[in-house]
Amino acid sequence: MTRGPTLPAHRPPYASGLPGRADIPTLPGQARITPSTVLLEGFNTAPADEVCEALLACLRSLRWARRLVDHRPYPDLESLLAASDEAAYDLTPGDLAEALAAEVLPELPDDTYSAAHTALGAAHAAYEARFGHVFVIYLGDSSPGETLDRTLEGIRSRLANDPEEERVVAAEELRRLARGRLVSSLRGVDTHRYAAPRRGAAGHPASAPADNGTRHPRCRPG
């Protein structure tokens, strides 16, 4: 605040849900307890290092993750999302670089022709050569079938930006991606479309850090 002219082969994405529990049935006269309510309770009460690790699957910025952990508890999802936005706006250039280093391109549908992969790989190679990092874009408001066109259009239009303009645009896309991942996790949605490993495959509204089986050392207590 993560190559060449062709894209790497797709790999299964890293899906890491936020701490929580299963849904709870509602008694007559009670307010409905949704999966997001229960998962938010788990988010508020789980050990800090576990929550930090889960947040790093939404945005690979330790500053952002620690800030959300330190400001618990959150009364509702809207409060958490507002805190996420505020923390994302405050990311330094170094934080942005850390987050961008873990990002990957949006995943194309399985039936996409190889020529489309080649076109996307070439466009992204030009983008990365100019800006030095992967192209990021939030696609949560589009269908999987629109992924290729939206991504290619975004790369081509943003290639005209100067590096500082593109840094601002990329930071905003990262903010939206983090927000989309949080919403998906706390609604108990399958995060397959929303998370992906480092420099390998891709996610739809998001791309997340690789799961290497170890905790981030600075997420550990003490």
Side-chain angles (χ1 to χ4, degrees), residues 1-2 13-27 30-103 136 138 140 171-196 198 203 205-222:
M1 34 202 84
T2 65
Y14 171 54
S16 175
L18 297 174
R21 298 196 297 274
D23 199 0
I24 298 175
T26 310
L27 297 177
Q30 286 184 328
R32 181 171 179 268
I33 300 176
T34 65
S36 60
T37 304
V38 178
L39 287 169
L40 182 62
E41 178 186 347
F43 179 92
N44 284 332
T45 59
D49 65 319
E50 293 182 11
V51 178
C52 179
E53 286 292 333
L55 286 169
L56 288 175
C58 297
L59 184 68
R60 193 73 176 185
S61 165
L62 190 61
R63 181 192 297 270
W64 176 84
R66 293 300 306 174
R67 183 160 165 180
L68 293 187
V69 169
D70 292 344
H71 284 80
R72 295 182 299 167
Y74 298 94
D76 49 43
L77 178 58
E78 290 71 24
S79 299
L80 173 58
L81 295 177
S84 172
D85 286 346
E86 183 179 355
Y89 286 132
D90 290 342
L91 294 180
T92 67
D95 298 324
L96 288 172
E98 177 187 17
L100 285 168
E103 295 294 328
V136 290
Y138 176 77
E172 174 62 11
E173 294 301 312
L174 284 174
R175 180 193 68 79
R176 298 177 71 197
L177 290 171
R179 185 182 179 94
R181 292 171 183 149
L182 277 174
V183 169
S184 298
S185 296
L186 288 170
R187 286 179 177 169
V189 175
D190 181 0
T191 56
H192 179 91
R193 294 176 61 206
Y194 301 87
R198 184 189 307 267
S207 307
D211 179 11
N212 58 12
T214 61
R215 290 189 182 278
H216 194 296
R218 290 164 64 191
C219 279
R220 293 173 183 150

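Quick caveat, the model's predicted, so the values are computed rather than measured. One is the number of the first residue; the rest follow in order along the sequence.
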Set of side chain to side chain donor-acceptor pair (under 3.5 Å) partners for R175, sequence neighbours left out:
D85, Y89, E172
I'd like to check the side chain to side chain contact (heavy atoms under 4.5 Å, CB included) partners of N44; sequence neighbours left out, ordered by chain and number.
L40, R72, P73, Y74
Step by step, would you call L55 with L182 a side chain to side chain contact (heavy atoms under 4.5 Å, CB included)?
CA-CA 8 Å; L55 286 169; L182 277 174; 3.6 Å; yes
In Å and rounded to the nearest 0.5 Å, what is the CG to CG distance from L68 to L80?
6.0 Å
Decide yes or no for S185 and L39: does some side-chain heavy atom of the first lie under 4.5 Å from some side-chain heavy atom of the second?
no
Give a yes or no answer on whether the side chain of S79 reaches the backbone of P75 with a donor-acceptor pair at less than 3.5 Å.
no
Could you walk me through whether L77 and L81 pass side chain to side chain contact (heavy atoms under 4.5 Å, CB included), step by step?
CA-CA 6 Å; L77 178 58; L81 295 177; 4.0 Å; yes
Begin with the C-alpha distance, continue with both residues' side-chain angles, and end with the deciding distance and a verdict on side chain to side chain contact (heavy atoms under 4.5 Å, CB included) for C52 and L62.
CA-CA 8 Å; C52 179; L62 190 61; 3.8 Å; yes
Exam field: side chain S184 to backbone G180, donor-acceptor pair closer than 3.5 Å:
yes
Here the pair of heavy atoms bringing F43 nearest to V51 is CE1-CG1, 3.4 Å
Could you tell me whether a side-chain N or O of W64 sits under 3.5 Å from a main-chain N or O of S84, the two making a donor and an acceptor?
yes
Do the side chain of E98 and the main chain of S61 share a donor and acceptor less than 3.5 angstrom apart?
no
Contacts of R67 meeting side chain to side chain donor-acceptor pair (under 3.5 Å) (sequence neighbours excluded), chain-then-number -> E86, D90
Closest approach of Y138 and E173, non-hydrogen atoms and distance?
N-OE1, 2.6 Å
